[in-house]
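All remarks here apply to the structure that follows.
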Amino acid sequence: MATTTFSIDASEIRRQFPFFQPHPEMRSLIYLDNAATTQKPYSVIEAVSNFWAHHNANVHRGGHGAGAKASELYEAARQRVAQFLNAREPAEIVFTRGTTEAINLVASSWGEAFVKAGDEVIITEMEHHANLLPWMRLAEKQGATLKVWRITDDGRLNLDDLRTLLTERTRLVAVVHISNVLGVVNPVAEICRLAHDAGALCLVDAAQSVAHMPVDVQAIDCDFLMFSGHKAYGPTGIGALYAKRSLLEAMPPYQVGGGIVKTVSWERLVWSEPPAKFEAGTPPIGEAVGLHAALDFIDSIGRATIEAYEHELTRYALERLQEVPGLRLFGPTPDRAGIFAFMLEDIHPHDIATVLDARDIAIRSGLHCAHPLGARLGGSTARASLAVYNDTAHIDALIEGLHEVRKVFGYV
Amino acid sequence: MATTTFSIDASEIRRQFPFFQPHPEMRSLIYLDNAATTQKPYSVIEAVSNFWAHHNANVHRGGHGAGAKASELYEAARQRVAQFLNAREPAEIVFTRGTTEAINLVASSWGEAFVKAGDEVIITEMEHHANLLPWMRLAEKQGATLKVWRITDDGRLNLDDLRTLLTERTRLVAVVHISNVLGVVNPVAEICRLAHDAGALCLVDAAQSVAHMPVDVQAIDCDFLMFSGHKAYGPTGIGALYAKRSLLEAMPPYQVGGGIVKTVSWERLVWSEPPAKFEAGTPPIGEAVGLHAALDFIDSIGRATIEAYEHELTRYALERLQEVPGLRLFGPTPDRAGIFAFMLEDIHPHDIATVLDARDIAIRSGLHCAHPLGARLGGSTARASLAVYNDTAHIDALIEGLHEVRKVFGYV
Amino acid sequence: MFDELYQEIILDHYRHPRGRGELEPPKITQEGFNPSCGDEVILDLRLEDGRISDIRFHGRGCSISQASASMMTEAVKGKTLAEAHALIQQVLAMVKGEAEGDPDALGDIVALAGVRNFPVRVKCATLAWHTLEEALRSAT
Amino acid sequence: MFDELYQEIILDHYRHPRGRGELEPPKITQEGFNPSCGDEVILDLRLEDGRISDIRFHGRGCSISQASASMMTEAVKGKTLAEAHALIQQVLAMVKGEAEGDPDALGDIVALAGVRNFPVRVKCATLAWHTLEEALRSAT
Ligand SMILES: Cc1ncc(COP(=O)(O)O)c(C=O)c1O
Ligand SMILES: Cc1ncc(COP(=O)(O)O)c(C=O)c1O
């Protein structure tokens, strides 16, 4: 191990995060729960504070220069997201609270308008509840059929299985880009191609991918893609939905209220153009400014660089996890993202997490909001997940901690 | 005028706001657009920053102490909102993005479950689009009837008119607490009583009231009430819905995803209890912490004190506005909140706002997201609106500015 | 500062709009809204032999949007579609500050350049022009 | 630090649960979930003459939730509803750190007090007890 040199000096990156600075009242943490949420760099925190302090005003409503400036910052954030995802134009980006809201928006607005009785929606067995429950509900509401694309025993999706599932009644394939449990990186471009060949649309849940690898919506050729700011070094309360413009134009509004109509009278109503049509009410303005700064942070390192570094770290982690007796890791190896869900002997994952927490190592345990997948894997798992500020020392600490867990529960 | 003494020293309060401090690159503004959004005190900005810097983690998901601490802060914010509104328990508070989302939630979840074909929903002619469009859409979807409670010529609601509108088919009366155009304070407790007597529920849009007067949901006895953080000195991206517990229990979820189910399998689904049932996905955690600080800011002055002060300021403003020739003010006087929509001669409100903006006075012009009311009033209006940091000097500057507007457009 | 915005020529078009009114059918009608301020421009136009043979506007709005519509109807009447298109692009670029306005080509319309320093007013100045663009798009 | 949480008595109940299994009908069944970690406790109980005449649990979960369920079935079997209620309140208060646990009244169960310093584990310790509370509520 010792001879590997890594492409990033993570300690340099941690210096950009207040969370990792010594604090008189807080224990300093080895944070390995990045799939749940990432920490925030100073640049993001300051961009948000600075907005509240000096530029705060409501957007899109005539009157004064401060409002125009706030609108400009808000629209600049939209443009930044469009560029980040390589969308064709900013109007293809709708701001939402996060991934969950974005998928709900698509399932309600597009789904209720375009999925009819007898139609089919395909989702995978590894979906997070965010990409599962909206489709279960839609299928029930519309009398449509929800088809489940099962995973292989090593935690992958087999494209041949999809070919079998697709029919002329299939309207949508909804798939996660990187599984928040298995760490598998799904071949979304191929999946979109197969869906399109069958006349279906394709939705990609990119919650776990955008902060860890380059994501290009035109290269993937997906119809919908969404992510959450808080998993990409940004604030909570903001996320983005990408959708092809023609779809946004055809879809009815989701939430309704101020800002989404050109004119309303008791008799007549004219909707605004997208994306305004989908952003009823005062949007998360300060949060959009924070997301803008978060994407700048990511690109200041470079997504290809981040991907390569996390890949090196993942290889290191995979080797070291093998050293722990009785540890069963889920998902494919060695090609995978830095998300490691595992079981250890018969020790309950919650107990694993507690012993690690007492050693100031933060991991997560449970079903990770993917209950059907949990059932397939045999129950709860412990999960460690990486971000660009982690390094081998963190993985070493995790391994040492797991040995301690074994000891506490009498495995020696 | 000069002899009036005021109960608050607003300059003291402005010292708590970075927006009002001298800034090398920014012109300092007389901010009279508080009905659109308020400025944020240092305490709010710092609470949010501090959360991101030191306590950031995702909530409600097992694993580590940092997550437990974040959950604790998030639930403490809920408890603070419950106390602020005098709800019976924190479980009656659902966090939303803001007022608009809260009303959409009620219209979708409660509305589609409990409003049937032939039923009636009553809204008023002065509603903001947020409390108008969701009910128009619901009525259309369900085949229900939307009845409009017209305003009187001086911009009030007449309770006798409501008595005539209410029938045994009425399921809901939805009414704004303080109109964002007319400044009228509606008698919501009486309205709720009349609605209840007829067997209907009552929803109160408190977007314009919570930061300006005491609001007690038990005293009002409303069934639903909602507000936005950003209009109450808090951040964007957060608001709260109050609903009686029995209603939340009977209502189906709104958005679906992580956190709102106890268990899911392909065959079976058990929803969480309220409020979790209505908060799918990662909630606006940092924003909830900011809202908590905002409510602390409000109560550090005291809502009765704020109400009294803004009332004094309103009386002053009413007198001074009368001095401007050709100015027509909408809404009742003298009993009203500090929101002043007006027209001046035949000058278009947008032109009024631009001339004032050039004098560093921020007001708003347009239809204020209340198009049907705008039609009733005869079109766009200019609107100045107060908060606790405004004072008589701001009103003097406004009046002087209006004289200048007259001059620019040739009224002398 | 607002002398630049409220030039005499603008106030004149506002107070005495040219081309205000409606056309008799046959005609193309196109509505344009600026929802934030309630401005509304409704264009009536007639196309003959590839030219805008007649054009009128009504609706309501602020001095800038009304003056802009007034100037526009004067400027495009009789123009070919291609000429109208080119003019629209020139005006939009000028108003958004992306290009200087050419007084020879634009005449009075250069006065609209004053909105550049008033970002909230740009939409007022462009409303009529966007509406015309839309009308021509849907007519062809 | 976790000696306090993982006391020998807890690990013993976890490894050798008492009262694990199901009852034959007639019985009352109540499920309890801890959705964040996937813990599940299913209680089977029988009430006779105002007493819990028999009680079993199954399901799955971490050491704390399972040990807690095991201790609970031992403790409440044979108790009147009122006694069971009182015990539930005592245990919940202790676990949440609102009251000290009384070793005389609680016996082994005082070992659960160790979760106090592990806020994320409080729900594990209380799951069985909340589920029993729910079962008794719906039965009466
Ligand atoms: C009376 C009223 N209701 C609802 C809203 C909508 O609030 P938000 O945009 O924060 O959702 C507003 C503010 O714009 C308002 O003034
Ligand atoms: C794959 C995946 N999809 C969706 C979500 C939901 O994201 P959010 O909670 O930010 O809406 C998550 C994160 O929890 C996730 O990991």
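Sequence lines set the chain letters: A, B, ... in the order given, protein chains first and strands last, and positions in each chain run from 1.
Nearest heavy atoms, Phe409(B) versus Leu11(C): CE2-CD2, 3.6 Å.
Each of Val408(B), Val355(B), Thr354(B) was checked for a side chain to side chain contact (heavy atoms under 4.5 Å, CB included) with Leu5(C), and the lone residue meeting it is Thr354(B). The residue from Cys124(C), Ser65(C), Ser63(C) that alone fulfils the side chain to side chain contact (heavy atoms under 4.5 Å, CB included) condition with His350(B) is Cys124(C).
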Report the C-alpha distance between His348(B) and Asp39(C) in whole Å, list the side-chain angles of each, state the deciding distance to 0.1 Å, and finish with yes or no for side-chain hydrogen bond (donor to acceptor under 3.5 Å, both in side chains).
-> CA-CA 10 Å; His348(B) 193 278; Asp39(C) 284 0; 3.3 Å; yes
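With contacts defined as side-chain heavy-atom distances shorter than 4.5 Å, the pair Asp351(B)/Arg121(C) qualifies.
More than 12 heavy atoms of other shown residues, nucleotides or ligands fall within 6.0 angstrom of atom CZ in Arg150(B).
Contacts between residues 85-109 of chain C and chain B, counted as heavy-atom pairs separated by less than 4.5 Å, involve no residue at all.
From Leu367(B), atom CG reaches atom CZ of Phe33(C) across 11.0 Å, with rounding to the nearest 0.5 Å.
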